[in-house]
Amino acid sequence: KVLFETPLVNIKSLAIEGDGYPSEAEPSNLSLLLDGGHTARLHTLSASKLGSAIRGQMVALEAKWNEGITSPSTVQLR
């Protein structure tokens, strides 16, 4: 289920919340700072993997913008 959705271009930064290195079996939170100062906290079993995946997509999206291949209004990532 998708309970939260935002375009990647709206994400300004992200951070994993918690003490030390959470176990993969323990739920953790991934906090996103969004446009306009809004924040979203995602509760997941794999915050580090989710954070890495989001960062990877953001880097790929930035590379496409820099190459002039796309603009934020035309990008749809799934």
Side-chain angles (χ1 to χ4, degrees):
K1 281 186 176 181
V2 174
L3 302 175
F4 172 79
E5 184 174 77
T6 190
L8 289 174
V9 296
N10 289 351
I11 301 172
K12 300 304 172 197
S13 67
L14 55 93
I16 297 171
E17 295 179 8
D19 297 328
Y21 297 95
S23 162
E24 288 297 321
E26 294 292 324
S28 54
N29 294 316
L30 179 67
S31 290
L32 305 176
L33 176 61
L34 306 173
D35 271 346
H38 300 287
T39 58
R41 181 175 293 150
L42 309 178
H43 191 67
T44 178
L45 285 175
S46 55
S48 60
K49 288 181 183 178
L50 180 58
S52 292
I54 291 171
R55 283 186 190 105
Q57 290 296 311
M58 291 173 75
V59 167
L61 185 60
E62 184 178 0
K64 287 181 181 181
W65 288 340
N66 290 338
E67 293 172 11
I69 295 173
T70 190
S71 69
S73 61
T74 62
V75 173
Q76 293 186 9
L77 299 173
R78 298 232 177 231

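We number each residue from 1, following the sequence as shown. Just so it is clear, the structure is predicted and the values come from calculations on it, not from any experiment.
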* Asked: If only atom types and distance count, is the side chain of S46 paired as donor or acceptor with the main-chain N or O of S48 below 3.5 Å?
  -> no
Listed pairs under 3.5 Å, donor-acceptor, residues 30-39 side chains, sequence neighbours left out:
unit_1: S31; atom_1: OG; unit_2: E17; atom_2: OE2; d: 2.1
unit_1: D35; atom_1: OD1; unit_2: K12; atom_2: NZ; d: 3.0

* To do: Check the pair I11, T6 against side chain to side chain contact (heavy atoms under 4.5 Å, CB included), reporting the backbone distance first and the verdict last.
  => CA-CA 8 Å; I11 301 172; T6 190; 4.1 Å; yes
* Could you grab the distance from atom CD of E5 to atom CG of N10, nearest 0.5 Å is fine? => 11.0 Å
* Enter the distance from S13:OG to R55:CZ here, rounded to the nearest 0.5 Å. => 9.5 Å
* Asked: Do the non-hydrogen side-chain atoms of I16 and N29 ever get within less than 4.5 Å of each other?
  -> no
